[in-house]
Amino acid sequence: MRKFAKSLLITVGVIVAIPVLAVATTAIVNVIATQVESSQITAYGEGVEVDGRTMNVVVDGDGEETIVLLPGLGTASPGLDFQPLTDELAKDHRVVVVEPFGTGLSDATDSPRTAENITAEIHEALQQLGVTKYTLMAHSIGGIYALTYSAAYPDELTAFVGIDNSVPDQAGADEPTPTDAMVVLRNLGITRLLTAIAGDPYEGLPYDDESRRQMAMLSAKNAGAPTMIDEVEHTPGNFAAVSGAVFPADLPVLEFVSANDTAEWIEIHEKQAASVEHGEVVVLDGPHYLHHELSPEIAQRTAAFLTALSR
């Protein structure tokens, strides 16, 4: 009986030890991989000083009109993620991709990730570049920041273009995200493991192999890091701050909306577009990240929209 009990204890100990060792291994691998990758990340764009830190921006094209691109929440490398769209837009416009603090090659920050702080930092970056008149083009939660931005700097904007952009009072906007779990999974290396198992989300899309490799490394670096976690935690409050808000009535608005979403999603965008004097909604058959697959169409329709305004 004692031998059986001893054998049982050993078996239980082994069962418990296996996952502990596995987690310890993923954590160690994550630390080593992060250190190795830090020396392999290739610089792109240019840095501008904002609030004593460096914010990375990517500028392309030399058209008379400027389009400023803002990313969605959790985009680890906006400059590279927007590349297919930037390539298309830059044929006719000057394009500026802003990488907010905590994304891409921009510095981290301990300044709270409120919409007011984020938009003020973006504005300062554009001021440093001498960009004073432009169309604001935003993906996902960038649409919420664009509302805050248009209220603060209305005289600088010529139009707003949304890429499946978030809107005030959308369903689920007030629900918090379990960020503690995100941090634990990142620190234990489990996020890296799950990402590897899931496969490359950019595979089959118009990105070259090196760009995909760089985005994977930047995702491991930025996703779940303190700055991005703080932005996630501020998201319900940032939505609440613009509840019921609309764009200035004289600001032209063009919104590209994914047909994969619900009828309600399309309707709330149509309502937002109807709140201005010149608003349009274009429903496209594609995913939330419409610019990953439909950049040529987005660029062509945006160019036509802006050209019509100038006439």
Side-chain angles (χ1 to χ4, degrees), residues 65-75 78 81-82 84-86 88-89 91-93 95 97 115 119 134-151 153-154 156-174 235 238-311:
E65 292 182 282
T66 298
I67 297 177
V68 174
L69 285 167
L70 302 183
L73 179 63
T75 302
D81 181 85
F82 274 132
L85 181 57
T86 302
E88 295 293 335
L89 291 172
K91 295 175 182 179
D92 301 303
H93 308 87
V95 185
V97 181
T119 55
Y134 44 93
T135 289
L136 203 57
M137 191 174 203
H139 173 243
S140 197
I141 201 172
I144 296 301
Y145 301 152
L147 280 165
T148 303
Y149 201 102
S150 67
Y153 315 105
E156 297 184 14
L157 301 185
T158 55
F160 168 75
V161 179
I163 306 173
D164 214 36
N165 54 292
S166 300
V167 297
D169 307 308
Q170 69 182 48
D174 57 348
T235 295
N238 286 334
F239 269 96
V242 296
S243 178
V246 295
F247 287 109
D250 59 349
L251 181 70
V253 170
L254 171 64
E255 299 187 2
F256 296 101
V257 182
S258 170
N260 295 350
D261 286 307
T262 64
E264 180 185 3
W265 180 254
I266 296 173
E267 288 173 5
I268 59 177
H269 284 81
E270 291 175 339
K271 180 179 178 181
Q272 185 175 60
S275 70
V276 299
E277 296 169 4
H278 190 163
E280 295 181 24
V281 172
V282 177
V283 180
L284 298 178
D285 187 13
H288 178 54
Y289 284 82
L290 290 167
H291 56 282
H292 286 176
E293 300 181 8
L294 301 171
S295 285
E297 185 168 359
I298 291 172
Q300 290 166 10
R301 287 178 175 263
T302 298
F305 181 80
L306 298 179
T307 299
L309 293 178
S310 64
R311 290 174 181 171

Give a yes or no on whether Asp169 atom CG has more than 12 heavy-atom contacts from other residues, nucleotides or ligands under 6.0 Å away. yes
What I'd like to find out is whether the side chain of Val167 reaches to under 4.5 Å of the side chain of Asn165, using heavy atoms alone. yes
For His269, side chain to side chain donor-acceptor pair (under 3.5 Å) partners two or more places apart: none
Mind checking the CG-OG spacing from Asp164 to Ser140? Nearest 0.5 Å is all I need. 7.0 Å
Would His93 and Thr66 count as a side chain to side chain contact (heavy atoms under 4.5 Å, CB included) if you check the C-alpha gap in whole Å, the side-chain angles of each, and the deciding distance to 0.1 Å? CA-CA 6 Å; His93 308 87; Thr66 298; over 6 Å; no
Working note: Thr135 + Leu306, criterion side chain to side chain contact (heavy atoms under 4.5 Å, CB included); need CA distance, chi angles, decisive distance, verdict. CA-CA 9 Å; Thr135 289; Leu306 298 179; 3.6 Å; yes
Closest approach of Leu254 and Thr302, non-hydrogen atoms and distance? CD2-CA, 4.0 Å
So which heavy atom on Pro168 is nearest to which on Gly244, and how close? CB-N, 4.0 Å
Using 30° and 60° as the class limits, which term best fits the ring planes of His291 and Tyr289: parallel, tilted or perpendicular? tilted
Can you name the nearest heavy-atom pair linking Leu73 to Ile141, along with the distance? N-CG2, 3.4 Å
The reported gap from CD1 in Ile298 to CG in Leu284 (rounded to nearest 0.5 angstrom) is 6.0 Å
For Glu297, the salt bridge (charged side-chain N to carboxylate O under 4.0 Å, His left out) test, sequence neighbours excluded, returns Arg301
Has Thr307 got a side-chain atom pairing as donor or acceptor with Ala303's backbone, closer than 3.5 angstrom? yes
Could you tell me the separation between the CD1 atom of Ile67 and the CG atom of Leu89, rounded to the nearest 0.5 Å? 4.5 Å
Scan residues 244-264 for pairs that pass side-chain hydrogen bond (donor to acceptor under 3.5 Å, both in side chains), counting only residues two or more places apart or in two chains. Asp261-Trp265
Take Met137 and Phe82 through the side chain to side chain contact (heavy atoms under 4.5 Å, CB included) test and state the conclusion after the steps. CA-CA 11 Å; Met137 191 174 203; Phe82 274 132; over 6 Å; no
Hey, are the side chains of Gln170 and Ile268 touching, using non-hydrogen atoms and a 4.5 Å cut-off? yes
Do you know the tightest heavy-atom contact between Leu85 and Ser295? N-OG, 3.1 Å
Residue set satisfying ring pair (Phe, Tyr, Trp, His ring centres under 6.0 Å) with Phe256, at least two apart, ordered chain then number -> none
Under the rule for ring pair (Phe, Tyr, Trp, His ring centres under 6.0 Å), what residues qualify as partners of Phe160, not counting sequence neighbours? Phe247
Looking only at heavy atoms, the pair that brings Ala115 and Thr148 closest together is CB-OG1, 3.6 Å
For residues 268-282, the salt bridge (Lys or Arg N to Asp or Glu O under 4.0 Å) pairs (sequence neighbours left out) are none
Provide the closest heavy-atom pair for Leu69 versus Thr86 in the form atom of the first, atom of the second, distance. CD1-OG1, 3.8 Å
Counting distance only, does the side-chain N/O of Ser243 pair as donor-acceptor with the main-chain N or O of Ala240 below 3.5 Å? no
Give the ring-plane orientation class for His288 versus His139, where under 30° counts as parallel, over 60° as perpendicular and anything between as tilted. tilted
Check whether Thr158 reaches the backbone of Tyr134 with its side chain - one donor and one acceptor, N or O, closer than 3.5 Å. yes
